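A short worksheet on the structure shown next.
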Amino acid sequence: MLVSGLFFMPVKNQNLAIIGAQWGDEGKGKIVDLLCGDFDVVARFQGGHNAGHTVRFGEHHFSLHLVPSGILHPHKLCILGNGMVIDPQALLNEIESLRSLGVQIDDNLRISESAHCILPFHAALDVAREEAAGPAKIGTTGRGIGPAYETKVSRYGIRIGDLINPPALKEKIDLACAEKNPVLESVYGKPKFDPRELYDRYLAFGEILRDRITNTCLLINESIAAGRPILFEGAQGTFLDIDHGTYPFVTSSNCVVGGICTGLGVAPKHIHSVTAVVKAYTTRVGGGPFPTELTDAMGDHLRKRGNEYGTTTGRPRRTGWLDLPLLRSASMLNGIDRIALTKLDVLDDCKEIPVCTSYKVRGSTWQTFPATTLAHHEYEPVYKVLKGWNRSTVGTRNFDQLPDEARAYVRFIEDETRCPISIISTGPRREETILR
Ligand code: GDP
Ligand code: IMO
Ligand code: MG
């Protein structure tokens with residue numbers, strides 16, 4: 001039922017990575033949906049149902065959390081890679097809700113046997129820790145992402161493949177409960193989990209998911225060998241990356257392009273180009289440094305006009321001006337070839353648009369983002385004020401039809417980041433897009 005295919009022509013058999021350049025919610029879902037018509041495979045490589053990717057076209061409106069956005073196009077093979085953490089209950093709920101909206105999900109959705117499971121004690125620990133941290137909390141989505149990745153790295157994780165191996169599943173759930181229950185009860189005063197009940201529940205999930213569980217590493221490399229183009233769908237954003245983000249206010253996976261290699265078992269030479277999704281201003285949800293944040297009426301205006309409320313948790317997103325040092329760092333970390341600039345229309349009413357061009361740090365000027373190593377009060381954003389356009393750009397599909405000032409804004413970002421902007425999004429819908 002859903003319309004497929006668009007006008008973007010990839011170089012034949014070239015694989016494309018789409019990643020977020022800021023703190024998530026840049027509009028990756030829209031851009032993946034826009035471009036994936038020309039790819040055979042769409043694969044997620046990290047994160048879990050902390051992600052919320054919105055796709056809109058015509059009157060359709062989808063929120064995707066675990067399932068790659070390519071699922072809305074018939075005949076795309078969609079893969080949940082080994083680098084993900086998957087809550088089977090959340091996955092089944094999502095599949096059911098997509099089906100109820102008319103989306104076909106059968107053997108077009110495959111799950112890595114090596115991806116790790118999120119169990120209810122992971123989510124309980126996530127929430128309990130955040131409560132205990134008080135004002136120092138990270139502001140996680142409470143989905144258990146951090147604790148699940150911790151268990152993975154501890155080497156006691158329960159993998160998706162274990163769901164169809166009853167003796168292994170039983171042993172691992174017993175062991176996990178023996179460790180996590182005392183922490184939940186004694187450290188946080190929270191209820192414990194019954195290992196037998198969890199075993200029955202997770203075994204049942206395994207039965208339902210059995211036919212989808214496979215060696216996705218092999219599957220994706222067979223696709224590569226067969227010359228079937230692949231689109232890698234990033235979740236979160238560069239500055240939520242566990243290594244390169246604003247630690248500790250980050251997620252627990254590698255959201256940068258390097259995460260594709262480990263999170264899917266794909267060699268770097270098969271990632272042929274990188275498109276970064278950049279919001280025309282900046283948002284983040286949860287705690288952590290945000291140097292260009294607006295806490296005034298303009299911040300409220302951007303939130304309202306941009307409908308900046310989390311797709312996953314509904315929390316209001318923090319809003320601020322565009323940060324070019326952040327984008328320069330993102331370009332360095334990901335080798336960005338092109339930018340897809342989203343939500344340009346949200347700036348339509350701004351008389352002036354300040355853009356952070358550099359940082360003053362202890363008397364010197366920095367062109368890249370300093371927040372990871374320096375305290376918040378040690379750097380100061382330097383702004384250049386650009387003229388607003390005071391005219392609606394909503395739904396514009398032709399670059400030449402944008403107001404002069406909007407074109408100048410786009411060109412300024414290109415000059416300052418040295419990245420071409422090949423897509424400009426002027427509304428949430430698929431069709432509200434300029435391709436250059
Ligand atoms: P993602 O996590 O990167 O996929 O982004 P989200 O879907 O969480 O958040 C982006 C929000 O902006 C969604 O509500 C989109 O429908 C919406 N959106 C995407 N592009 C545009 C645009 O160009 N203009 C406007 N006004 N909204 C957009
Ligand atoms: P998409 O894919 C925006 C943020 C949380 C929190 C931090 C850690 O839709 O862009 P976690 O639950 O991952 O341990 O939370 O990361 N966060 C996101 N922010 N978009 C996301 O995903 C996010 N996923 C996690 O708000 O600050
Ligand atoms: Mg989102």
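Numbering of ligands and ligand atoms starts at 1, following listing order. The structure presented is a predicted model; accordingly, all values stated were derived computationally and were not measured.
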For [atom], which protein heavy atom lies nearest, and how many Å away is it?
atom: atom 13 (O) of ligand 2; value: T251 OG1, 2.6 Å
atom: atom 10 (C) of ligand 1; value: D25 O, 3.8 Å
atom: atom 18 (C) of ligand 2; value: L240 CD1, 3.6 Å
atom: atom 2 (O) of ligand 1; value: G52 O, 2.8 Å
atom: atom 27 (O) of ligand 2; value: V285 O, 3.0 Å
atom: atom 18 (N) of ligand 1; value: P428 CA, 3.8 Å
atom: atom 20 (N) of ligand 1; value: S425 OG, 3.5 Å
atom: atom 3 (C) of ligand 2; value: D25 OD2, 3.2 Å
atom: atom 7 (O) of ligand 1; value: T54 OG1, 2.6 Å
atom: atom 4 (O) of ligand 1; value: G29 N, 2.8 Å
atom: atom 23 (C) of ligand 2; value: Q236 CG, 3.6 Å

Flag side-chain contact, heavy atom, 4.5 Å: I138 against V250: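 The answer is no; the side chains never approach within 4.5 Å.
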Given side chains that start at C-beta, do those of I111 and L91 come closer than 4.5 Å, heavy atoms only?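 With C-beta onward as the side chain, the pair touches.
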Taking N or O atoms only and a 3.5 Å limit, does G306 qualify as a polar contact for ligand 1?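 Min N/O separation from ligand 1 is not below 3.5 Å for G306.
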Got an N/O contact under 3.5 Å between R305 and ligand 1? no
For [atom], the option (of [options]) bearing the nearest heavy atom:
atom: atom 12 (O) of ligand 1; options: R317, K343, E308; result: K343
atom: atom 8 (C) of ligand 2; options: T312, T141, V250, V85; result: V250
atom: atom 14 (O) of ligand 2; options: T140, L64, I138; result: T140

Please determine whether a side-chain nitrogen of the Lys or Arg among [X] and [Y] lies less than 4.0 Å from a carboxylate oxygen of the Asp or Glu.
X: D87; Y: R143; answer: no
X: D348; Y: R391; answer: no
X: E416; Y: R411; answer: no
X: E130; Y: K137; answer: no
X: D300; Y: R303; answer: yes
X: K30; Y: D33; answer: no
X: R129; Y: E150; answer: yes
X: K279; Y: E308; answer: yes

With the threshold set at under 4.0 angstrom, would you say D345 reaches ligand 1 through any of its heavy atoms? yes
Residue-ligand contact G427/ligand 1, heavy atom below 4.0 Å: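 Flag set, G427 near ligand 1.
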For ligand 2, is there an atom lying under 4.0 Å from some heavy atom of [X]?
X: T311; value: no
X: D126; value: no
X: G20; value: no
X: G139; value: yes
X: K28; value: yes
X: H53; value: yes

Could you pull out the atom name of the N/O/S atom in D25 that is nearest the Mg ion (ligand 3)? OD1
Ring centers of F249, F239 separated by less than 6.0 Å: no
Could you check whether F290 and W23 have their ring centres less than 6.0 Å apart?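 Close enough - the centres of the two rings lie under 6.0 Å apart.
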What are the atoms of ligand 1, with element, lying closer than 4.0 Å to any heavy atom of H53?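 With H53 as reference, the close atoms of ligand 1 come out as 1 (P), 2 (O), 4 (O), 7 (O).
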What atoms of ligand 1 come closer than 4.0 angstrom to any heavy atom of T311? 6 (P), 7 (O), 8 (O)
Do any nitrogen or oxygen atoms of N50 lie less than 3.5 angstrom from nitrogen or oxygen atoms of ligand 2? yes
Which of the ligand 2 atoms, numbered from 1, are nearer than 4.0 Å to a heavy atom of [X]:
X: A51; value: 1 (P), 2 (O), 9 (O), 22 (O)
X: G286; value: 27 (O)
X: R315; value: 5 (C), 26 (O)
X: A235; value: 2 (O)
X: W23; value: 3 (C), 19 (N)

For T312 and H49, does a side-chain donor sit closer than 3.5 Å to a side-chain acceptor?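 Per modelled atom types, T312 and H49 side chains form no pair under 3.5 Å.
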Of the backbone atoms (N, CA, C, O) and the side-chain heavy atoms from C-beta on, which set of T426 has a member under 4.0 Å from an atom of ligand 1: side chain, backbone, both, or neither?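 Only the backbone of T426 comes within reach of ligand 1.
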Side chain, backbone, both or neither: K30 near ligand 1, heavy atoms under 4.0 Å: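 For K30, the contact with ligand 1 is made by the side chain alone.
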Is there a side chain to side chain contact (heavy atoms under 4.5 Å, CB included) between H65 and H53 once you walk through the steps? CA-CA 6 Å; H65 301 282; H53 296 180; over 6 Å; no
Distance check, rounded to the nearest 0.5 Å: L209 atom CG versus Y202 atom OH?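 Interatomic distance, L209 CG to Y202 OH, rounded to 0.5 Å: 11.0 Å.
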Let me confirm one number: the OG1-CZ distance from T433 to R397, rounded to the nearest 0.5 Å.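 T433 atom OG1 to R397 atom CZ measures 7.5 Å (nearest 0.5 Å).
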ring-ring contact (aromatic ring centres under 6.0 Å, His included) contacts in which one or both residues fall within residues 399-436, not counting sequence neighbours: W389-Y409
Which pairs, with at least one residue in residues 414-436 and sequence neighbours excluded, count as a ring-ring contact (aromatic ring centres under 6.0 Å, His included)?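 Every pair satisfying ring-ring contact (aromatic ring centres under 6.0 Å, His included) with a residue in residues 414-436: there are none.
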Evaluate side chain to side chain contact (heavy atoms under 4.5 Å, CB included) for L344 paired with L402, printing each intermediate quantity in order. CA-CA 10 Å; L344 188 70; L402 284 178; 4.0 Å; yes
E405/K351 under salt bridge (charged side-chain N to carboxylate O under 4.0 Å, His left out): CA gap, chis, key distance, verdict: CA-CA 11 Å; E405 295 83 355; K351 287 194 173 50; over 6 Å; no
Taking both backbone and side chain into account, is any N, O or S atom of G52 nearer than 2.8 Å to the Mg ion (ligand 3)? yes
